[in-house]
K.L.:
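This structure is in structure tokens; I'll ask about it shortly.
Side chains included, hydrogens not; waters and symmetry mates left out as well; all remaining heavy atoms used.
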Amino acid sequence: MSILLFSLVLVFTVSQSACTKLYHKSGESAIIFNGIKALFSFLPFLIFAFFGFSFHVATILYGALYGVLLCISMVTGYLALKSGPMALTSMLVSFSIVIPIVYGLCVGETLNVFKIMGLCALVVAMVVVNLNKKSNEGKTSYFRWLIYVALTFCANGVLSIVQKIHQTEFPSLYVTEFMAVGTLVCAVFFCVVALVKYKPSQIIKSKGKKFGALAGIFA
């Protein structure tokens, strides 16, 4: 079951990256893209909330922290995909699972074969990245891309830790509430910024808004 879930995560991550790359080719604003993406990420949890929503203070705080980290991940992730190769960016970001693995070891969890394989794959990926880097041409853009990838990597990893801590304290409880608050924080942030920076008519006429919607669904 865990292998199936991990495979689905990879599929959704790659699909989300593809939507981001396609949107960037349309030449539209990253703010509009992230606003649409965040809104469509929030809508499913809003629907679930109508069937029952518990105002749990700790969950709201955890959810708000999750939302802030999600904002960082979405901004840096977009910039990483904008400035670098999609396949390599998606692969490296997907290895952010190493952060919750290290956290798990710190709180007494043990490594298994799949976790060890994941760590080895991360090391190999980082070596390949450096071997393929051109020594002079595009050095500035390469390091900019690498910084964006590193920030996205860290944000995604800490997101998983926040989820883990929440579910450790409240096993199988307030899951919908947690995600609803997190995605709401993100949606409000990007939508407010988009409305401040652009007119509603500009947002509506955005050519690539369908890619933002799909990215939100895959998020």
K.L.:
Which is it for H56 and E177 under the side chain to side chain contact (heavy atoms under 4.5 Å, CB included) test, yes or no, and what are the steps along the way?
P.N.:
CA-CA 8 Å; H56 186 255; E177 290 82 356; over 6 Å; no
K.L.:
If you take all heavy atoms of V175 and Q167, which pair is closest and at what distance?
P.N.:
CG2-NE2, 3.6 Å
K.L.:
For the residue pair I165 and Y103, establish whether any side-chain heavy-atom pair is separated by less than 4.5 Å.
P.N.:
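Yes, close enough: below the 4.5 Å cut-off.
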K.L.:
Does one hydrophobic cluster hold both V193 and L70, with members joined at side-chain heavy-atom distances below 4.5 Å?
P.N.:
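Yes, because V193 and L70 connect within a single hydrophobic cluster, where side-chain heavy atoms sit under 4.5 Å apart.
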K.L.:
How far does CD1 of I36 sit from SG of C19, to the nearest 0.5 angstrom?
P.N.:
12.0 Å
K.L.:
Would you indicate whether the side-chain heavy atoms of V181 and T59 approach each other to under 4.5 Å?
P.N.:
no
K.L.:
Write down the atom of C186, the atom of M74, and the distance for their closest heavy-atom approach.
P.N.:
SG-SD, 3.2 Å
K.L.:
Describe, in one word, how the ring planes of F53 and F55 are oriented to each other, choosing from parallel (under 30°), tilted (30 to 60°) and perpendicular (over 60°).
P.N.:
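If you compare the ring of F53 with that of F55, the planes turn out perpendicular.
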K.L.:
Working to the nearest 0.5 Å, report the span between OG of S15 and CZ of F12.
P.N.:
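CZ of F12 is found 7.5 Å from OG of S15.
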K.L.:
If Ile, Leu, Val, Met, Phe, Trp and Tyr residues are connected whenever their side-chain heavy atoms lie under 4.5 Å apart, and connections chain through other members, are Y174 and L184 in the same group?
P.N.:
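Result: yes, single cluster for both.
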K.L.:
Let me confirm one number: the OG1-CD1 distance from T168 to I161, rounded to the nearest 0.5 Å.
P.N.:
11.0 Å
K.L.:
From Q16 CD over to L214 CG, what is the distance, rounded to the nearest 0.5 angstrom?
P.N.:
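One finds 11.0 Å between CD of Q16 and CG of L214.
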K.L.:
Going through the distances and angles, do L79 and W145 end up as a side chain to side chain contact (heavy atoms under 4.5 Å, CB included)?
P.N.:
CA-CA 8 Å; L79 292 173; W145 168 77; over 6 Å; no
K.L.:
Indicate whether any N or O donor in one side chain lies under 3.5 Å from an N or O acceptor in the other, for E169 and Y62.
P.N.:
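Y62 and E169 do have a side-chain donor-acceptor pair below 3.5 Å.
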K.L.:
Heavy atoms only: give me the nearest L195-P200 pair and the separation to one decimal.
P.N.:
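Looking at all heavy atoms of both residues, the shortest contact is CD2-CG, 4.4 Å.
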K.L.:
May I ask you to check whether over 12 heavy atoms, not counting those of F170, lie within 6.0 Å of atom CZ?
P.N.:
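Counting neighbours around CZ of F170, more than 12 heavy atoms of other residues, nucleotides or ligands fall under 6.0 Å, so yes.
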K.L.:
For A155 versus I72, what's the shortest heavy-atom pair and its separation?
P.N.:
CB-CG2, 4.2 Å
K.L.:
Closest heavy-atom contact between V185 and A64?
P.N.:
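The answer is CG2-CA, 4.0 Å.
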K.L.:
L61 and L65: side chain to side chain contact (heavy atoms under 4.5 Å, CB included), yes or no, with the steps?
P.N.:
CA-CA 6 Å; L61 293 175; L65 175 59; over 6 Å; no
K.L.:
Side-chain heavy atoms nearer than 4.5 Å, only ILVMFWY residues, links allowed to pass through others: does that put L46 and L39 together?
P.N.:
no
K.L.:
Would you sort out whether I99 and F153 count as a side chain to side chain contact (heavy atoms under 4.5 Å, CB included), showing the intermediate values?
P.N.:
CA-CA 9 Å; I99 295 178; F153 179 94; 3.7 Å; yes
K.L.:
Linking I/L/V/M/F/W/Y whenever their side-chain heavy atoms sit closer than 4.5 Å, directly or via other members, would V192 and F40 fall into one cluster?
P.N.:
yes
K.L.:
Hey, quick one: are Y148 and Y142 part of the same hydrophobic cluster, counting side-chain heavy atoms closer than 4.5 Å, chains of contacts allowed?
P.N.:
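They do share one cluster, since a chain of ILVMFWY contacts under 4.5 Å joins Y148 to Y142.
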K.L.:
Please work out which of the three classes, parallel, tilted or perpendicular, describes the rings of Y23 and F33, given edges at 30° and 60°.
P.N.:
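Rings of F33 and Y23: tilted, 30 to 60°.
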K.L.:
Nearest heavy-atom pair of N34 and Y78: which atoms, and what distance?
P.N.:
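In terms of heavy atoms, the two residues are closest at ND2-CB, 4.3 Å.
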K.L.:
Give, for atom OG1 of T89 and atom CG of L81, the distance between the pair rounded to the nearest 0.5 Å.
P.N.:
5.0 Å
K.L.:
Among L151, T152, V158, which residue satisfies the side chain to side chain contact (heavy atoms under 4.5 Å, CB included) criterion with S73?
P.N.:
T152
K.L.:
How far does CD of Q163 sit from CG of L69, to the nearest 0.5 angstrom?
P.N.:
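Here the rounded value is 10.5 Å.
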